Amino acid sequence: MALFSWKLHGNGKSISAGEVVSPDERLSWPLTIGLGLQHIAAMFGATFLVPIITKFPPTTTLFFSGVGTILFLAITKNRVPSYLGSSFAFLAPIGAAMTNGGMAVALGGVLVTGVVLALVGFIVKSAGVAWINKLMPPVVTGSIVMIIGLNLAGAAKNNFVAGPEVAGVTLAAVALIGALTKGFINRISIFGGVVVGYVYSWLRFGLDTSHIKAAKWFGTPEFNTPSFKISAILVFLPVVLVLIAENVGHVKAVSNMTGKDLDNSMGDALVADGVATALAGLGGGSGTTTYAENIGVMAATRVYSTAAYLVAAVGAILLSLVPKFGAVLSATPTGVLGGVGVVLYGMIGVLGAKIWIENRVDFGDSTNLFIAATTLVIGIADMSWAHGKYAFNGIVLGTLMATAGYHLLRGLKNMAK
């Protein structure tokens with residue numbers, strides 16, 4: 001297939017000082033396969049945490065992440081190296097939908113989110129990306145990212161108190177791995193904490209392994225179909241804004257590292273992630289996003305070849321065909337989820353603050369201060385409002401406050417000048 005073709009970089013065995021392996025190049029296939037395995041390891045922890053926390057079938061999510069990555073490479077015409085893994089932005093809406101409608105309703109929300117994101121991508125392909133920056137200035141984007149993480153503080157608390165000893169060990173393991181290690185191990189400190197907590201719980205309290213023993217070594221993933229509930233879909237829509245920010249940020253980061261102008265690929269990247277997310281929702285997987293974890297692998301190796309990502313995607317699909325593997329992951333103790341949730345949800349919130357800091361948001365401006373302050377309280381307290389059969393949770397109301405409130409106040413302020 002002509003689309004998936006690469007020219008050999010140099011002798012295929014080494015990279016000269018100051019050079020990088022471009023997306024349309026590759027090293028020898030043995031080295032490329034090795035790099036693909038590194039990308040699997042980099043995405044693995046975060047990609048599996050989402051289905052473990054949300055109770056989605058882990059192997060199904062892995063399957064659609066692999067398929068989604070192949071689609072991403074094809075739609076972006078092999079220009080943007082990326083792995084599409086599970087997005088943490090879906091944790092809160094999936095949790096709400098699972099409580100109030102079950103997995104089918106949650107999948108409906110994932111599917112609609114993907115469709116909307118793809119539509120945004122087509123608009124960007126036609127009109128450019130500037131309008132997104134105007135719609136979502138840093139004070140708005142940062143506020144929304146923060147509430148998507150911190151809205152889950154209550155869920156982290158509930159899981160933590162359900163198994164405080166295991167949760168404490170897990171949390172300590174994440175902290176120590178992050179503080180005492182470097183490089184790749186440091187980047188997967190959260191997954192490392194999950195492994196430590198899992199093993200500790202098994203040794204300390206035992207583990208029911210009956211369903212693990214019953215699971216087959218080889219088989220197809222568990223596929224499920226979506227159903228649609230307007231009140232649930234509304235909870236998912238704010239995630240679109242986060243996915244836009246993540247995809248645009250990823251393309252810009254790759255552009256800076258490779259020295260290639262990828263602005264023309266912004267729309268394709270959004271369309272690709274939208275299609276991958278919609279497909280996952282259609283079959284039973286979690287929504288996807290471009291993965292920062294894999295940028296670290298590229299930065300360390302100076303290899304930006306999309307061939308390595310194709311290897312990673314195929315490898316992920318092959319792993320998804322091992323049900324016993326998924327059964328082991330599904331047995332993760334509640335205390336482990338509590339410990340890792342404390343740090344994970346907090347980290348998502350801190351990413352919002354990072355957006356404010358990097359863009360030097362002026363909180364001396366009364367409008368910026370008001371929007372950030374009210375959005376955070378609405379989202380973290382999970383303030384809700386119901387009208388008939390429709391219910392709007394804290395993330396939806398907080399997102400409305402951030403986006404509509406910001407532009408309304410800015411408009412009034414400009415009129416008053």
Side-chain angles (χ1 to χ4, degrees), residues 41 43-62 65 85-88 90-92 94-99 102-103 106 149-181 185-217 221-222 224 284-286 293 319-320 322-348:
M43 69 80 186
F44 183 84
T47 293
F48 265 104
L49 276 177
V50 173
I52 288 172
I53 291 170
T54 59
K55 305 303 182 184
F56 272 29
T59 52
T60 309
T61 290
L62 185 60
S65 76
S86 304
S87 171
F88 292 137
F90 283 93
L91 288 174
I94 286 178
M98 291 285 278
T99 300
M103 183 179 294
L150 299 181
N151 176 267
L152 292 162
K157 174 188 173 183
N158 292 338
N159 286 333
F160 199 101
V161 299
E165 182 179 332
V166 173
V169 169
T170 303
L171 187 59
V174 173
L176 292 173
I177 293 171
L180 302 177
T181 64
I185 299 299
N186 182 271
R187 287 195 294 272
I188 61 168
S189 60
I190 293 180
F191 181 66
V194 170
V195 173
V196 171
Y198 193 117
V199 173
Y200 178 84
S201 178
W202 192 350
L203 296 175
R204 179 81 167 83
F205 302 105
L207 183 72
D208 180 5
T209 60
S210 58
H211 65 293
I212 298 176
K213 293 178 180 178
K216 297 179 180 179
W217 277 105
E222 175 189 338
N224 293 280
S286 186
E293 287 86 344
L319 277 176
S320 74
V322 185
K324 192 174 288 290
F325 181 52
V328 171
L329 295 168
S330 296
T332 303
T334 302
V336 173
L337 300 182
V340 78
V342 168
V343 62
L344 176 61
Y345 304 153
M347 285 174 62
I348 298 172

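Since the model is a prediction, treat every value here as computed from it, not as a measurement. Sequence positions, counted from 1, serve as the residue numbers for this chain.
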### Message
Working note: T59 + V322, criterion side-chain contact (heavy atoms from CB on, under 4.5 Å); need CA distance, chi angles, decisive distance, verdict.
### Response
CA-CA 8 Å; T59 52; V322 185; 5.9 Å; no
Which heavy-atom pair separates [X] from [Y] by the least distance, and what is that distance?
| X | Y | result |
| --- | --- | --- |
| L337 | V340 | O-CG1, 3.5 Å |
| G285 | T60 | N-CG2, 4.0 Å |
| T170 | G193 | CG2-O, 3.5 Å |
| T334 | A162 | CG2-CB, 3.8 Å |
| L150 | G346 | CD2-CA, 4.2 Å |
| V342 | F160 | CG2-CD1, 3.7 Å |

### Message
Let's go through T54 and L91 carefully: what are the C-alpha distance in whole Å and the side-chain angles of both, what is the deciding distance for side-chain contact (heavy atoms from CB on, under 4.5 Å) to 0.1 Å, and is it a yes or a no?
### Response
CA-CA 7 Å; T54 59; L91 288 174; 3.7 Å; yes
Approximate separation, where rounding is to 0.5 Å, of [X] [atom1] and [Y] [atom2]:
| X | Y | atom1 | atom2 | value |
| --- | --- | --- | --- | --- |
| F90 | T61 | CZ | OG1 | 11.0 Å |
| R204 | E165 | CZ | CD | 4.0 Å |
| L62 | F56 | CG | CZ | 15.0 Å |

### Message
Within the structure provided, determine whether P57 and P221 are in side-chain contact (heavy-atom separation under 4.5 Å).
### Response
no
### Query
Heavy atoms, side chains only, cut-off 4.5 Å: are V343 and L171 in contact?
yes
### Query
Got a sec, which pairs hit salt bridge (Lys or Arg N to Asp or Glu O under 4.0 Å) with one end in residues 324-336, sequence neighbours left out?
none
#### Entry: Of S65, S86, P58, the residue whose pairing with V50 passes side-chain contact (heavy atoms from CB on, under 4.5 Å)
S86
